[in-house]
Amino acid sequence: MSEYAVIKGASYTLAYTPDMIIQDGATQVTERIVNPESEYLKKLPEHIRSYEDVLSYAPNQVYIGNMKPQDLDEIEFPWYDKKAPVNGRWGKCGEIMPQDEFYGLMQISDAFDLVELEAGFAASVKEKLAKHELFTEKHIAVLDKNAKFTEEALQAVVDDGGCGLYSDGKLVGAVKKAHDVDVNLSAHVMLENIANKATSVLSLLHLIKATGINPDEVDYVIDCGEEACGDMNQRGGGNFAKAAAEVAGFMNATGSDVRSFCAAPAHALLSAASLVKAGTFKNVVVTAGGCTAKLGMNGKSHVDKGLPILEDVLAGFSVLISENNGTDPIIRTDIVGKHNVGTGSSPQAVISSLVTDALDRAGLKITDVDKFAAEMQNPDITKPAGAGDVPEANYKMIGALGVKKGDLERKELPEFIVKHGMKGWAPTQGHIPSGAPYLGPCREMIVNGDISRAMIIGKGSLFLGRLTNLFDGVSFVIEANKGESTETSAVSEEEVRGMIANAMKDFAASLLAE
Amino acid sequence: MENQKRVKEFYDEYGVDNLVVIVGAAEGESAGLAAETVGLGDPTFAGVLAGVSLKLPCYHICEPEIKDEVDADVYDEQVGMMEMVLDVDDIVEEMQAIRDEVAEA
């Protein structure tokens with residue numbers, strides 16, 4: 001049997017996009033159509049946080065790796081009105097990019113001259129990005145094409161069906177439509193897709209830095225976001241993965257997109273680990289960008305309750321899955337849970353299929369898994385919106401199932417939730433929270449010996465696409481690497497031969513003695 | 001929204017005497033909201049039951065009236081785990097309050 005793939009590293013990035021909340025968030029876009037004079041739209045700008053506040057928001061600092069998930073236990077809930085002990089832009093495995101630079105990155109990520117930036121704005125962005133250690137001269141040079149773009153020229157683009165890019169409400173750029181008739185190539189869709197690609201690119205660049213991988217050695221990239229790209233003849237044709245890999249400079253890679261709403265990252269990771277374990281590829285990257293439509297998604301609830309708009313960042317992540325190196329945590333592609341077509345939709349059926357069925361087959365109890373990571377949504381965002389504390393609800397269900405299986409006593413349930421669970425820190429960007437944010441911290445905890453086994457659970461709501469009412473999900477287990485690489489097993493074989501030889505000698509000696 | 005439409009269709013087909021609505025919401029508040037919607041009308045005025053009082057009896061799956069009607073093994077297999085997780089007392093209290101309101105209306 002070939003060896004399990006390992007998690008070599010992960011990167012996590014955020015882009016703070018305050019103007020995009022107002023312009024491009026689906027809640028706000030819809031409100032402008034159905035109720036343009038609404039109180040909500042009037043109040044909204046007052047509820048948008050500053051870049052500094054976004055930097056000093058503890059869940060964001062956990063996301064980019066400057067704080068550990070368990071550090072959130074030390075901060076009294078809610079978190080939005082507390083300052084994190086760290087507030088840097090640069091994280092251990094990513095960054096929180098400000099909006100102006102992100103517009104520049106959108107242009108760098110645009111292959112069809114659809115993104116235009118006002119000349120002066122572009123010059124200042126170019127200066128900033130030139131200081132960013134991850135962008136090459138070739139990247140930065142893309143910003144040289146803006147000299148002729150005045151505010152009037154950009155306004156003309158917007159008037160012709162384009163989408164404006166704003167900074168403090170001022171028009172500083174625009175995304176043109178990519179076709180006169182095809183809605184799939186409208187400016188709105190192109191803006192969503194380019195923003196998604198740009199956030200994925202940012203994460204890929206940080207992945208190179210975080211893992212030290214030579215970009216030429218990446219064989220395959222899998223995108224697991226929630227956008228679709230294509231034209232009217234192939235609306236979801238793809239391929240975000242290869243498009244982002246091109247900008248990140250993975251010259252020897254191809255790729256493809258995996259989709260299953262919020263469950264997609266778990267599907268993609270499983271595919272990546274399987275491709276590596278099968279020997280098809282040596283290095284596979286799983287990546288995802290963020291979603292402009294989800295900016296301010298629960299904004300009405302937040303504004304109603306006097307809270308800041310907490311959905312103000314586009315998130316991205318990338319993970320490198322590689323051949324077993326004997327040290328990094330392994331992905332147990334043989335301890336896998338899946339929600340089948342016939343599984344049913346009751347919470348019990350769902351959690352059993354994803355958690356206990358997989359563990360049962362491997363002879364493991366629920367308590368044998370040190371940490372579970374399912375939907376790691378930040379409760380600061382979901383609780384005021386009436387969706388409760390999603391991670392906690394998952395841990396309660398997993399624990400309750402453990403009680404039913406006899407793995408723990410009912411009175412141990414609260415302790416189980418604390419010990420085997422975590423507080424959520426991920427932005428509510430659909431696919432982003434789904435297990436994936438824990439991969440980085442999980443790798444570190446396993447390598448440091450803090451834990452030895454974790455389970456990643458992806459869950460998705462397929463009904464949103466109106467093709468099926470089914471739920472979806474897959475899960476897998478990550479374990480400490482016991483260092484049984486190919487080389488050591490070859491040595492073991494020799495050792496075994498030696499042991500047999502010695503045993504034969506001993507046996508012969510004992511016979512002679514008799 | 002879609003559920004409201006379906007409840008209304010069932011109501012038109014079977015009538016108030018032949019229909020009980022069973023909900024499985026995770027919290028008392030949301031379960032109560034569903035009960036209010038099918039009893040007194042949609043309080044958010046967003047769906048087809050806005051301003052329409054069907055007076056349908058509504059119970060949560062964890063309430064004893066419903067639990068006792070279900071085969072114990074099936075119940076344990078489908079609901080046992082969630083029963084342990086949910087605040088059943090809070091749900092029962094909320095649902096009863098709405099049923100009382102519907103009875104008085």
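In this text the structure is predicted, and so the values were computed from the model without any measurement. Throughout, a chain's letter reflects where its sequence line sits, starting with A, and its residues are numbered from 1.
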(message) When you compare the side chain of B/L56 with that of B/F10, does any pair of heavy atoms fall below 4.5 Å?
(response) no
(message) For the NZ atom on A/K371, are there more than 12 heavy atoms of other groups (residues, nucleotides or ligands in this structure) within a distance under 6.0 Å?
(response) yes
(request) Go through A/G344, A/G399, A/A400, A/G388 and name the one with the most non-hydrogen pairs under 4.5 angstrom from chain B. (result) A/A400
(request) Please answer whether the main-chain N or O of A/I381 pairs with a side-chain N or O of A/H302 as donor and acceptor at a distance below 3.5 Å. (result) yes
(request) Please name the residue in the list A/Q429, A/R259, A/K294 that meets the side chain to side chain donor-acceptor pair (under 3.5 Å) test with A/E226. (result) A/K294
(request) Flag the pair A/V477 / A/L359 as yes when at least one side-chain heavy-atom distance between them is below 4.5 Å, and no otherwise. (result) yes
Just list the donor-acceptor pairs under 3.5 angstrom between chain A and chain B, please.
residue : atom : partner : partner atom : Å
A/S346  : OG   : B/Q78   : OE1          : 3.2
A/Q348  : OE1  : B/V79   : N            : 3.4
A/Q348  : OE1  : B/G80   : N            : 3.1
A/Q348  : OE1  : B/M81   : N            : 2.8
A/Q348  : NE2  : B/D76   : O            : 2.9
A/Q348  : NE2  : B/E77   : O            : 2.8
A/K404  : NZ   : B/D76   : O            : 3.4
A/K404  : NZ   : B/D76   : OD1          : 2.5
A/K404  : NZ   : B/D76   : OD2          : 3.0

(message) Would you say OH of A/Y80 has more than 12 non-hydrogen atoms from neighbouring residues, nucleotides or ligands within 6.0 angstrom?
(response) yes
